[in-house]
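Per chain, numbering begins at 1; letters A, B, ... match sequence-line order.
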Amino acid sequence: MKNRVYINQLREHIGNTVIIAGWVSVRRDQGKMVFFDIRDMTGTVQTVVLTKSPALESAKQTSRESAVAITGIVNKRPEKNVMAGVQNGDIEVSVEKIEILGASDAPPFEIIEDTSMISEEVRLTYRYLDLRSERMQRNIRSRSEFVRLCREYLFNAMFTEIETPLLTESTPEGSRDFVVPSRLHPGSFYALPQSPQQYKQLLMVAGMERYFQIARAVRDEDLRADRGFEHSQIDIEMSFVEQEDVMALVETMIIEVAEKMGKVLKQKPFPRFTYAEAMEKFGADKFDLRDDEEKSKGILAFAWVHRFPFFEKTDGGDWTFTHNPFSMPLSEHIDDVLAGKNTENILTAQYDLVCNGHETGGGSIRSHRPDILRAVYKTMGYDDARIEQSVGHMLEAFRYGAPPHGGIAIGIERMLMTVMGENYLREVQAFPMTRGGQTAVMKAPKPLSDKQLSELGLEIKKKTK
RNA sequence: GCGGGCGUAGCUCAAUUGGUUAGUAGCGCGUCCCUGUCACGGACGAGGUUGCGGGUUCGAGUCCCGUCGCUCGCGCCA
């Protein structure tokens with residue numbers, strides 16, 4: 001649209017005829033004159049259709065939430081009509097022409113500043129309307145801002161952004177995979193990544209040295225307020241580093257990004273707790289360090305937790321990893337891992353970033369030595385054949401000059417929830433799912449046609465009770 | 001998989017221990033009135049298979065059973 005003026009720029013055009021475009025937030029029809037509050041992505045302004053305006057007829061037909069283009073003169077308001085403390089409270093647009101670009105039916109719910117009182121079922125069905133609300137606009141735009149600032153920081157720190165595959169291999173360890181049937185290989189399946197973990201480590205072997213990615217991660221586990229099937233992470237991996245290097249880089253980045261977003265941090269550098277200290281002090285490995293006043297002010301209280309146990313016993317009595325099998329044991333425990341002894345006391349070079357009671361990030365220094373990685377899997381009861389099958393490709397890669405490396409993943413939703421003071425992950429996602437796993441607006445999942453099933457070599461077994 | 005909460009008008013909610021034809025309800029919507037409103041105001045009006053199915057009862061929005069959906073937590077989530 002030529003010559004369109006954004007609403008937050010109108011002040012520079014007082015006395016001029018301009019075109020604004022946006023949506024009708026509020027309509028106040030007084031018979032002989034009509035007021036509209038017009039909203040675009042930069043703000044809101046009052047427009048007035050005066051009695052003598054040629055637009056009066058079309059004003060009568062302009063419904064709330066319609067998309068419109070308005071031509072009019074930007075005027076200073078008469079002194080008695082100035083609204084103090086409101087954006088553009090001292091100016092208004094005197095309408096000469098209204099063009100209805102997209103008429104709106106009456107919306108199914110009120111698009112007020114904060115729609116959190118509306119039932120989530122309705123909000124998700126009409127997510128494109130819910131997202132028009134001031135709070136959701138703020139959340140989604142802040143998310144973009146957070147990602148942009150992280151990107152800028154990382155590019156300045158010599159990182160390379162690299163995409164890793166979406167269709168990858170299923171791993172039986174860890175969480176349940178979302179799988180994708182293969183048409184070319186009937187009966188075989190890809191899995192969607194739970195994390196780019198193995199690819200980013202291979203990128204370290206590949207000499208990229210400093211990698212990051214805004215990575216989508218997918219897990220087929222039951223949902224929670226702070227956990228969905230899909231989430232995004234700032235995924236980072238670095239070569240020739242120790243734990244202190246990764247933590248320092250991430251801490252500097254988070255402080256810079258948070259402060260650029262206008263947030264206040266309770267403490268910096270971030271306090272550190274060993275896992276044992278955290279469990280003793282807070283009874284959990286994630287905790288909220290703020291007092292009530294700090295909570296009300298939206299202050300962010302970051303902390304690190306480190307020195308986690310590497311292994312824990314399963315119900316079956318076997319050893320399994322607590323966080324990440326690719327993690328390095330702390331150096332003083334490497335000999336024990338290689339010898340397969342003292343398993344219950346082995347600690348890992350794992351570090352979690354905690355903020356306001358949420359785990360917002362986690363990473364580790366990885367085993368780049370094949371003997372250590374192999375020993376970890378031995379501890380977990382894997383025989384040589386099973387090790388080969390699970391991580392043979394990693395052991396092979398590590399035989400070709402693997403640099404010491406480590407990294408972290410910062411959960412974007414968890415981080416944004418804490419930054420924006422939201423309690424639900426869905427409030428910082430544009431199109432989240434319901435807890436039952438149904439997508440917003442479109443109603444996936446749905447059955448496939450017989451043709452699609454047959455192409456994939458799949459048969460649906462009828463569920464029996 | 002388990003446990004808790006919820007489901008009444010487009011939205012938000014009422015409806016006594018089970019008792020007439022569901023409530024002058026607020027917002028929204030429709031028609032009309034209104035030249036300075038800003039969540040404009042005023043008058044009138046429309047709008048309901050109480051999620052769905054069954055049961056108990058003379059009588060069910062209300063009690064019971066089942067089921068579906070939403071949600072919070074536990075399990076699970078490297």
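Nearest heavy-atom pair across A/T47 and A/I38 is CG2-CG1, 3.6 Å. Summarising the geometry of A/G174 relative to A/Q194, their closest heavy-atom pair is C-OE1, 4.4 Å, with the distance given to 0.1 Å.
Taking only side-chain nitrogens and oxygens, A/R227 never comes nearer than 4.0 Å to OP1 or OP2 of B/C74. Applying the 4.0 Å criterion to OP1 and OP2 of B/C72, one finds that A/R224 has every side-chain N and O outside that range.
When heavy atoms are screened at a 4.0 angstrom cut-off, A/S195 is found touching base atoms of the nucleic acid. Among the protein residues, A/T322 comes within range of the sugar-phosphate backbone only, with heavy atoms under 4.0 Å from sugar or phosphate atoms but none that close to a base. Among the protein residues, A/R123 comes within range of no part of the nucleic acid, since none of its heavy atoms lies under 4.0 Å from any strand. The residue A/G89 sits apart from the nucleic acid: no heavy atom pair falls under 4.0 Å. In this structure, A/P108 reaches the sugar-phosphate backbone alone: every heavy-atom distance under 4.0 Å involves primed, P, OP1 or OP2 atoms, never a base. At the heavy-atom level, A/Y424 lies under 4.0 Å from the strands shown only through sugar-phosphate atoms.
Considering only the side chain of A/R435, B/C72 comes nearest among B/C77, B/C72, B/G1.
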Atom pairs, protein N/O to nucleotides 4-8 of chain B N/O, distance under 3.5 Å:
none

Contact list (N/O, under 3.5 angstrom) for nucleotides 44-46 of chain B vs protein:
none

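Ionic pairing of A/R132 and A/E65 is present here: one or more N-O contacts between side-chain nitrogen and carboxylate oxygen are shorter than 4.0 angstrom. Between A/D371 and A/R369, at least one side-chain N (NZ, or NE/NH1/NH2) sits under 4.0 Å from a carboxylate O, which counts as a salt bridge. Salt bridge A/E120/A/R426: present, at least one basic N to carboxylate O contact under 4.0 Å.
Separating the CG atom of A/L425 from the P atom of B/U71 is a distance of 12 Å, rounded to the nearest angstrom. Residue A/E427 contributes atom CD, which lies 13 Å from atom C1' of B/U71 at whole-angstrom precision. Computed from coordinates, the A/F178 CZ to B/C77 P distance equals 15 Å when rounded to whole Å. Rounded to an integer number of Å, the gap from A/E221 CD to B/C77 P is 6 Å. The separation between A/Q194 atom CD and B/C76 atom P is 16 Å, rounded to whole Å. Note: CG (A/D220) to P (B/C76) measures 16 Å, nearest angstrom. Going from atom CD1 of A/I111 over to atom C1' of B/U12 covers 16 Å, rounded to whole Å. The separation between A/I112 atom CD1 and B/C27 atom C1' is 10 Å, rounded to whole Å.
Comparing the C1' positions of B/G18 and B/G59 gives a spacing of 8 Å, expressed to the nearest Å. Between B/G47 and B/G10, the two P atoms lie 12 Å apart (nearest whole Å). Comparing B/A39 with B/G3, their P atoms are spaced 49 Å from each other, to the whole Å. For the C1' atom pair drawn from B/G23 and B/U16, the interatomic distance equals 15 Å after rounding to whole Å. Between B/A25 and B/A9, the two P atoms lie 15 Å apart (nearest whole Å). The gap from the P atom of B/C72 to that of B/G66 amounts to 24 Å, rounded to the nearest Å. Using P as the reference atom, B/G28 and B/C38 are 13 Å apart when rounded to the nearest Å.
Every pair passing side chain to side chain donor-acceptor pair (under 3.5 Å) that includes a residue from residues 122-131 of chain A is listed here, sequence neighbours excluded: A/T115-A/R123, A/T115-A/D130, A/R123-A/D130, A/R123-A/E427, A/R127-A/D130.
In this structure a side-chain-to-backbone donor-acceptor pair under 3.5 Å is missing from A/T274 to A/H306. Side-chain N or O atoms of A/H333 include one that pairs as donor or acceptor with a backbone N or O of A/L347 at under 3.5 Å. The backbone N or O of A/R366 sits nowhere less than 3.5 Å from a side-chain atom of A/S364 that would complete a donor-acceptor pair. Proximity of a side-chain donor or acceptor of A/Q429 to a complementary backbone N or O of A/E230 within less than 3.5 Å is detected.
Applying the side chain to side chain contact (heavy atoms under 4.5 Å, CB included) criterion to A/E169, with sequence neighbours excluded, gives A/H393.
Across all strands shown, B/C32 pairs with B/G42; the Watson-Crick or G-U wobble distances both stay below 3.5 Å. Summarising the base pairing, B/C27 is matched to B/G10 through a Watson-Crick or G-U wobble pair whose two defining distances lie under 3.5 Å. For B/G75, there is no paired nucleotide, since no Watson-Crick or G-U wobble pair has both relevant distances below 3.5 Å. Using the Watson-Crick or G-U wobble rule with both distances under 3.5 Å, B/U50 pairs with nothing in any strand shown. B/C58 is paired with B/G19 under the criterion used here, namely a Watson-Crick or G-U wobble arrangement in which both key atom distances are under 3.5 Å.
Residues A/T164 and A/Q213 bring a donor and an acceptor atom of their side chains to less than 3.5 Å of each other.
Ring pair A/F321/A/F310: centre-to-centre distance not below 6.0 Å.
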Donor-acceptor pairs under 3.5 angstrom involving side-chain atoms of residues 19-31 of chain A: please list them, not counting sequence neighbours.
{"residue": "A/S25", "atom": "OG", "partner": "A/R39", "partner atom": "NH1", "Å": "2.9"}
{"residue": "A/R27", "atom": "NH1", "partner": "A/A59", "partner atom": "O", "Å": "2.8"}
{"residue": "A/R27", "atom": "NH1", "partner": "A/T62", "partner atom": "O", "Å": "2.7"}
{"residue": "A/R27", "atom": "NH2", "partner": "A/D29", "partner atom": "OD2", "Å": "3.1"}
{"residue": "A/R28", "atom": "NH1", "partner": "A/D37", "partner atom": "OD2", "Å": "3.2"}
{"residue": "A/R28", "atom": "NH2", "partner": "A/D37", "partner atom": "OD1", "Å": "3.0"}
{"residue": "A/R28", "atom": "NH2", "partner": "A/Q46", "partner atom": "OE1", "Å": "2.7"}
{"residue": "A/D29", "atom": "OD1", "partner": "A/G31", "partner atom": "N", "Å": "2.8"}
{"residue": "A/D29", "atom": "OD1", "partner": "A/K60", "partner atom": "NZ", "Å": "3.0"}
{"residue": "A/D29", "atom": "OD2", "partner": "A/K60", "partner atom": "NZ", "Å": "3.3"}

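Each of A/D226 and A/Q438 was matched to the nucleotide of RNA chain B holding its nearest heavy atom; the match closer to the 5' end belongs to A/Q438.
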Q) When every nucleotide of nucleotides 28-41 of chain B is labelled 5' to 3' by its protein contacts under 4.0 Å (heavy atoms), B for base, S for sugar-phosphate only, - for none, what sequence of letters results? A) SS----BBBBB-B-
